[in-house]
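Scroll down for the structure; my scribbles are underneath it.
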Amino acid sequence: MPRKLDLRSGTPVWSAYRSPAVPADRLTRDVNADVLIVGMGISGAMMAQALMRDGHSVICIDRRGPLKGSTAATTALVQFEIDQPLTRLSMMIGGDAARQAWRRSRLALLNLRGRIAELEISCRSADRPSLYLAGNKLDASGLHQEVAARRQAGIGASFLTREKLRGGFGIERAAAILSHDNLALDPRKLTSGLLMAALQRKARFFAPAEATAIEDNRLGVTVSTRDGPLITARHRVLTTGYELLDIVPSVSHRIISTWAIATRPQPRNLWPLAAMIWEASDPYLYVRATSDGRVICGGEDEEFTDEDKRNALTPKKTTSLTNKLGKIFPQLDTTAEFAWSGSFGATGTGLPIIGSVPDHPRVHAILGYGGNGITFSQIASEVVSGSIAGREDADADLFAFER
Ligand SMILES: Cc1cc2nc3c(=O)[nH]c(=O)nc-3n(C[C@H](O)[C@H](O)[C@H](O)COP(=O)(O)OP(=O)(O)OC[C@H]3O[C@@H](n4cnc5c(N)ncnc54)[C@H](O)[C@@H]3O)c2cc1C
């Protein structure tokens, strides 16, 4: 399990859009706060904003700088639909826990939507339906059972036959599940909006500043940084994405490689409702549109971590994604204007691990996001800020290290 990674390469599509620069100071002396957050991507941003809202003083640091990790590479299909189908997750962790995980994920989307509205963050956020296409993981009858399981959990879903899928969306597959209320957004704008909201409430940001060692006791934590200054805090939250500090056990968490492309803007060629598309396959392909009509397509995941090998494969993976996109939507110009790759954390169940690190109650960590990283960052900000404030979260055990 590597502890440091070259998280991404190539040019993600978000470089085509402006997002406000987030200022950060140099860390030149020892500092102190209620909570230290290590990592300033989407997870750190959500956490900072949640903790500031609870009235804590917060310091955030990043060894690269704000928004320089995986968050800049995400394709940002913000879905409540967990990578692991409810029927499969039920077999892994039991029906009650699986239904609760799906419900919490659904709730997280509602809360995120409210948060964006309340803070008036302009991140090109749009509600999108999603189509989960039959594939090698679930065929038409598997999807039928999945719809029944979701409905039993109180989560709306419609089964589309081949004819309905073709008639409604022009897609040729054996069947699909139609869901509503997922979000498509610009992840850099969302992250910088959340960080700026925390800054307005007097959060302090330092970068580049790398956390190297941690000492903790009953009263708090002391963190050493590479350049020397110490940071003391009552709690420390590790939102370091797919890079882990030594204190964090890498339980059931693995790093895989993934690729994505984006086309030129072509709003007239888009399919009905610009629905998000993903497949009940392993690995799966996924597709979304940006607000100006570019088409993003990602997938082709491979079970290895080696970044050089990942980068060398980008031309081949770009061709493959382009061809697969063209097969689903022959009307599109599938030429890739942007192509990029990234490392990606995953767990066997598809659920993240969120909570205090075993034997270190004042050190909280979030890891193993899978394809629902942004949804899980929202859940993590709720669970961890609740734990620090002494609020009991009914779902905390679902995601805990010891689950
Ligand atoms: C190609 C791709 C497509 C994806 N698509 C989707 C999608 O469609 N939907 C979705 O929900 N998720 C998706 N994801 C996952 C999603 O991008 C991640 O879950 C999310 O960006 C993780 O955010 P983060 O803030 O936790 O990590 P990051 O953005 O990586 O931030 C962590 C930060 O911690 C810093 N750091 C690390 N160690 C230290 C240290 N010791 N000291 C100081 N700072 C440190 C790093 O420099 C980094 O900036 C995708 C990921 C990739 C790569």
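Atoms within each ligand, like the ligands themselves, are counted from 1 in listed order.
A donor-acceptor contact closer than 3.5 angstrom is absent between the side chains of Arg226 and Thr212. No hydrogens or angles considered: nothing links the side chains of Glu382 and Ser385 as a donor-acceptor pair under 3.5 Å. For the 3.5 Å distance criterion, the side chains of Ser9 and Glu307 fail to qualify, holding no donor opposite an acceptor. Of the N and O atoms on the side chains of Thr225 and Asp227, not one donor lies less than 3.5 Å from an acceptor on the other residue. Under 3.5 Å, the side chains of Arg115 and Gln49 contain a donor-acceptor pair of N or O atoms.
Near Glu210, with a cut-off below 4.0 Å to any heavy atom, the atoms of ligand 1 are 41 (N), 42 (N), 43 (C). The contact set between ligand 1 and Gly39, taken as ligand atoms under 4.0 Å from a residue heavy atom, comprises 33 (C), 34 (O), 35 (C). The contact set between ligand 1 and Gly241, taken as ligand atoms under 4.0 Å from a residue heavy atom, comprises 26 (O), 27 (O), 32 (C). Heavy-atom proximity to Val38, at under 4.0 Å, picks out these atoms of ligand 1: 40 (C), 42 (N), 43 (C), 44 (N). For ligand 1, the atoms sitting less than 4.0 Å from at least one non-hydrogen atom of Leu77 are 7 (C), 8 (O), 9 (N), 10 (C), 11 (O), numbered in the order shown with element in parentheses.
Geometrically, ligand 1 and Lys68 share no nitrogen or oxygen pair separated by less than 3.5 Å. The shortest N or O to N or O distance between Trp340 and ligand 1 is not under 3.5 Å. For a threshold of 3.5 Å applied to N or O pairs, the pair formed by Ile61 and ligand 1 contains no separation below that value. In terms of polar-atom proximity, Ala211 is counted as a contact of ligand 1, with an N or O under 3.5 Å from an N or O of the ligand. Taking any N or O of Gly373, backbone or side chain, at least one lies under 3.5 Å from an N or O belonging to ligand 1. Considering backbone and side-chain atoms together, Thr75 places an N or O closer than 3.5 Å to an N or O of ligand 1. Of the N or O atoms in Val78, none lie within a sub-3.5 Å distance of an N or O in ligand 1. The distance criterion of under 3.5 Å between nitrogen or oxygen atoms is not met by Thr258 with respect to ligand 1. Considering both main-chain and side-chain atoms, Leu245 never comes within under 3.5 Å of ligand 1 through any nitrogen or oxygen pair. In terms of N/O distances under 3.5 Å, ligand 1 is approached by Thr74.
The aromatic rings of Phe80 and Trp102 lie perpendicular to each other, with more than 60° between the two planes, well past the 30° mark.
Look at Glu243 and you'll find a heavy atom under 4.0 Å from some atom of ligand 1. At a 4.0 Å cut-off, not a single heavy atom of Ala260 sits close enough to ligand 1 to count as contact. Residue contacts with ligand 1 include Tyr242, since one of its heavy atoms falls under 4.0 Å from the ligand. Judged by the shortest distance from any of its heavy atoms, Ala209 lies inside the 4.0 Å radius around the atoms of ligand 1. For Gly298, the closest heavy-atom approach to ligand 1 does not fall below 4.0 Å. Residue-ligand proximity: Gly371 is placed with a non-hydrogen atom under 4.0 Å from ligand 1. Within the 4.0 Å heavy-atom shell around ligand 1 one finds Tyr286.
Among Leu244, Thr191, Ile42, the residue whose heavy atom lies closest to atom 22 (C) of ligand 1 is Ile42. The closest heavy-atom contact to atom 39 (C) of ligand 1, among the options Arg64, Met276, Gln79, Arg63, comes from Arg63. Heavy-atom proximity to atom 26 (O) of ligand 1, evaluated over Gly345, Pro208, Ala72, Ser43, is greatest for Ser43. Evaluated by nearest non-hydrogen atom to atom 53 (C) of ligand 1, the leading choice among Ser343, Ser70, Ser257 is Ser343.
Atoms OG and CD1, from Ser381 and Ile366 in turn, are 8.0 Å apart once rounded to the nearest 0.5 Å. Taking CE of Met52 as the start and CG of Leu199 as the end, the distance is 8.5 Å to the nearest 0.5 Å. In this structure, CG in Leu89 is found 9.5 Å from CD in Glu146, a value given to the nearest 0.5 Å. Between Leu230 atom CG and Asn32 atom CG the span is 11.0 Å, to the nearest 0.5 Å.
A centroid separation of 6.0 Å or more is found between the aromatic rings of Phe169 and Trp271.
Only backbone heavy atoms of Ala76 (N, CA, C or O) come within less than 4.0 Å of ligand 1; its side chain stays farther off. When heavy-atom distances to ligand 1 are checked against a 4.0 Å cut-off, Ile374 comes that close through both its backbone and its side chain. For Phe344, every heavy-atom contact with ligand 1 shorter than 4.0 Å involves the side chain, none the backbone.
The 12-atom threshold is exceeded at NE2 of His360, counting heavy atoms of other residues, nucleotides or ligands nearer than 6.0 Å.
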Side-chain donor-acceptor pairs of residues 320-328 under 3.5 Å, sequence neighbours excluded:
residue: Ser320; atom: OG; partner: Glu300; partner atom: OE1; Å: 3.3
residue: Ser320; atom: OG; partner: Glu300; partner atom: OE2; Å: 3.0
residue: Thr322; atom: OG1; partner: Thr318; partner atom: O; Å: 2.6
residue: Asn323; atom: ND2; partner: Thr319; partner atom: O; Å: 3.3
residue: Lys324; atom: NZ; partner: Glu300; partner atom: OE2; Å: 2.5

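Remark: Asp186 engages Arg124 in a salt bridge, criterion side-chain N to carboxylate O under 4.0 Å.
The salt bridge (Lys or Arg N to Asp or Glu O under 4.0 Å) pairs that include a residue from residues 126-136 are Arg113-Asp127, where partners are two or more places apart or lie in different chains.
Proximity of Ser387 to His364: side-chain heavy atoms (C-beta onward) are separated by under 4.5 Å at one or more points.
Because its NZ or CZ atom is both nearer than 6.0 Å to the ring centre of Phe304 and within 45° of the ring axis, Lys309 counts as a cation-pi partner of that residue.
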